[in-house]
Amino acid sequence: MTACLKIKSLLSVAASPLAMCCAAAFAAPALAQPVQPVDPLDPTAGPVASVEEIIVTATKRETNLRDTPIAIAVVGAETLKNSQISSLLDIANSVPTLRMTTFESRSTALTVGIRGIVPNDANQPAREQGVGVYLDGVYLGRQQGLNAAMLDIERVEVLRGPQGTLFGRNTEGGAVSMVTRRPTGEYGLRTTAGVSNFNGYNFDAHLDLPEFAGVSVKLDAALQRHDATTENPMEGQVGWNYLNRRGFRAQARWAPTDAFDAIYSYDTGHSETSPFLSQLVSYNPLNLPISTVFPRPAGTISPLPPGVNVHTKRQKVADIGVPQQPSIDEVEGHSLHMNWRINPNLELRSITAYRTVDVEQYDNAGGPNRPPVFQPNAPEGNSARNFSRYSLSDLGQSQTSQEFQLVGTTLEDRLDYVVGLYYFRETAWEEAATPSTLTYVGSNGNYVVRDPRVAGITRGFRAMTEAARRYPRARACSSTPSTRRRSWTTG
């Protein structure tokens with residue numbers, strides 16, 4: 001059994017930069033007065049500013065942030081509110097060294113990196129993340145769906161560096177732990193609404209119901225929508241960076257005694273999105289010879305198609321319209337947390353969870369701006385005339401996990417320890433295709449839409465460029481959730 005010795009020491013905390021606010025004044029400017037030092041031992045002096053106490057659970061127990069021996073940053077509820085953070089992607093701007101971005105141009109699949117540990121296309125089921133993402137202690141096994149609506153998050157703890165000792169699998173770079181607000185048992189209602197450009201609006205509501213028969217219930221709902229920020233010239237097709245996202249969570253807490261409580265949580269999320277436009281911001285920076293010969297000789301570059309231009313500022317309308325529909329993401333999860341305080345120094349916890357992710361991806365981000373490139377003299381019917389790559393994917397994932405934790409303190413509070421037992425099983429599959437949706441006709445840049453069946457866009461007619469199935473299992477029994485692990489992978 002591995003134990004962690006608790007050492008109390010005085011730590012210095014670096015203050016975060018303060019935002020400066022300026023206001024117009026009509027009175028004459030006053031000279032700044034020098035700040036007089038305050039003697040903390042002087043009883044007549046004013047009160048000394050105290051550092052706010054921030055409670056975290058990074059070590060599987062509640063500790064003060066200043067006393068937690070881990071490189072950790074915390075984004076609290078006040079920061080989440082003031083920064084109008086509505087999804088996990090928005091967190092990155094609040095935490096140094098945390099890299100969080102959409103994978104390629106897919107707005108719901110996030111790539112998360114800390115300290116340079118960034119996965120290479122963990123969007124594929126056969127690959128894993130380098131930073132673990134957790135929701136109330138439950139590991140989220142896939143990148144897909146991570147950018148779903150956040151439902152009343154109390155705080156986000158970002159742990160830097162390897163966290164396998166306490167968090168287990170796929171935490172070489174660190175861990176991002178989201179902690180939600182629990183039911184209070186007292187009536188309360190909080191709502192927020194807003195509007196934005198591109199016909200956007202957002203709304204969220206959080207309802208706490210009074211405790212009844214020892215059961216407290218909390219309901220959360222959120223929605224966010226805006227039109228595409230880049231228009232698609234093709235009639236009837238969705239533009240780029242379109243968003244329509246909604247989510248719902250229900251929690252019930254049962255506390256029959258002071259020593260035991262159980263919290264059941266159900267959450268679901270639905271999102272319809274389109275990718276960001278891959279915009280052409282430069283052309284031929286190496287000044288290569290331009291060639292119209294087919295096949296194009298090495299060391300040359302193809303000319304830009306007629307109507308396609310370099311844009312150094314954000315495009316409001318794409319140069320060429322492409323077939324595109326929204327990608328659909330569905331996430332759903334159940335969890336049951338049970339806590340039994342055996343005595344003041346010993347607590348037994350159980351975390352049971354089941355989650356699913358289903359994705360229908362339609363990603364036509366590049367149009368004529370990405371390979372395959374324009375080759376004006378390619379023979380009619382040659383595949384070199386095809387362009388506008390459509391990244392299509394159907395993905396499904398389900399995971400089941402069970403964790404037991406025995407958290408205790410002994411030797412007159414000089415020794416803290418955690419003993420854990422963990423089981424994880426995941427099933428994931430994906431079928432992907434990358435057909436070209438448009439084809440050039442003639443040598444003047446004219447183009448037509450390819451037949452969806454011939455092009456392989458329609459389901460049942462797709463030529464699969466990638467297919468994978470994954471059935472990993474993980475078991476661990478030690479002082480931490482994943483010191484020893486056996487896994488089997490097929491696909």
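With no hydrogens or angles considered, no side-chain donor-acceptor pair links Ser391 and Asp363 at under 3.5 Å. Donor-acceptor pairing under 3.5 Å is lacking for the side chains of Ser327 and Gln361.
Gln325 contributes no side-chain N or O that, together with a main-chain N or O of Tyr362, makes up a donor-acceptor pair within less than 3.5 Å. Within the 3.5 Å criterion, the main-chain N or O of Tyr242 finds a donor-acceptor partner in the side chain of Ser274. Panel note: side chain Arg253, backbone Pro183; no donor-acceptor pair is recorded below 3.5 Å. With hydrogens and angles ignored, the 3.5 Å screen pairs a side-chain donor or acceptor of Gln279 with a backbone N or O of Gln315. At distances below 3.5 Å, at least one donor-acceptor pair connects side-chain atoms of Glu157 with backbone N or O atoms of Thr57. With Gln163 contributing its side chain and Val131 its backbone, the two residues share no donor-acceptor pair below 3.5 Å. Side chain of Arg249 to backbone of Asp152: no donor-acceptor contact under 3.5 angstrom is found. Using modelled atom types, no side-chain atom of Arg355 and backbone atom of Val331 make a donor-acceptor pair closer than 3.5 Å. Counting only distance, with no hydrogens or angles, the side chain of Gln324 and the backbone of Asn364 share a donor-acceptor pair below 3.5 Å. Side-chain N or O atoms of Gln143 include one that pairs as donor or acceptor with a backbone N or O of Leu110 at under 3.5 Å.
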Run the side-chain hydrogen bond (donor to acceptor under 3.5 Å, both in side chains) check on Asp136 and Thr180 step by step: do they pass?
CA-CA 7 Å; Asp136 287 334; Thr180 63; 2.7 Å; yes
Candidate pair Tyr266 and Glu332, rule side-chain hydrogen bond (donor to acceptor under 3.5 Å, both in side chains), full reasoning:
CA-CA 8 Å; Tyr266 167 78; Glu332 188 175 60; 2.6 Å; yes
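In this structure, the separation between CZ on Arg61 and OG1 on Thr63 is 8.5 Å, given to the nearest 0.5 Å. In this structure, Asp358 CG and Gln144 CD are separated by 11.0 Å, a value rounded to the nearest 0.5 Å. Taking CG of Leu159 as the start and CD1 of Ile114 as the end, the distance is 7.5 Å to the nearest 0.5 Å. The structure places CD of Gln224 at 13.5 Å from CZ of Phe203, a figure rounded to the nearest 0.5 Å. Put simply, OG1 on Thr356 and NE2 on His334 are 7.5 Å apart, with the number rounded to the nearest 0.5 Å. In this structure, the separation between OG1 on Thr409 and CG on Asp416 is 4.0 Å, given to the nearest 0.5 Å.
In this structure, Asn241 and His226 have side chains that are in contact, with non-hydrogen atoms separated by less than 4.5 Å. Considering only heavy atoms from C-beta on, Arg155 stays 4.5 Å or farther from Thr79 through its side chain. Considering only heavy atoms from C-beta on, Trp340 stays 4.5 Å or farther from Asp261 through its side chain. Taking the side chain as every heavy atom from C-beta outward, Ser83 and Asn93 never approach each other to under 4.5 Å. Side-chain contact between Phe276 and Thr229 is absent, with no heavy-atom pair separated by less than 4.5 Å. Residues Arg142 and Gln399 fail the side-chain proximity criterion, which asks for heavy atoms closer than 4.5 Å.
A side-chain hydrogen bond (donor to acceptor under 3.5 Å, both in side chains) with Asp227 holds for exactly one of Asn199, Asn244, Asn197; it is Asn199. With respect to Ile91, the side chain to side chain contact (heavy atoms under 4.5 Å, CB included) criterion is satisfied by exactly one of Leu80, Val176, Ile153: Leu80. Here the options are Gln402, Glu403, His337, the test is side-chain hydrogen bond (donor to acceptor under 3.5 Å, both in side chains), and the partner is Thr352; only Gln402 passes. Put simply, the residue from Phe424, Tyr422, Tyr423 that forms a ring pair (Phe, Tyr, Trp, His ring centres under 6.0 Å) with Tyr139 is Phe424.
Under a 4.0 Å N-O distance rule, the pair Asp220/Arg181 does not qualify as a salt bridge.
Remark: Ile55 engages Glu53, Glu62 in a side chain to side chain contact (heavy atoms under 4.5 Å, CB included) (not counting sequence neighbours).
Ala318 approaches Leu277 most closely through the heavy-atom pair CB-CD2, 4.4 Å.
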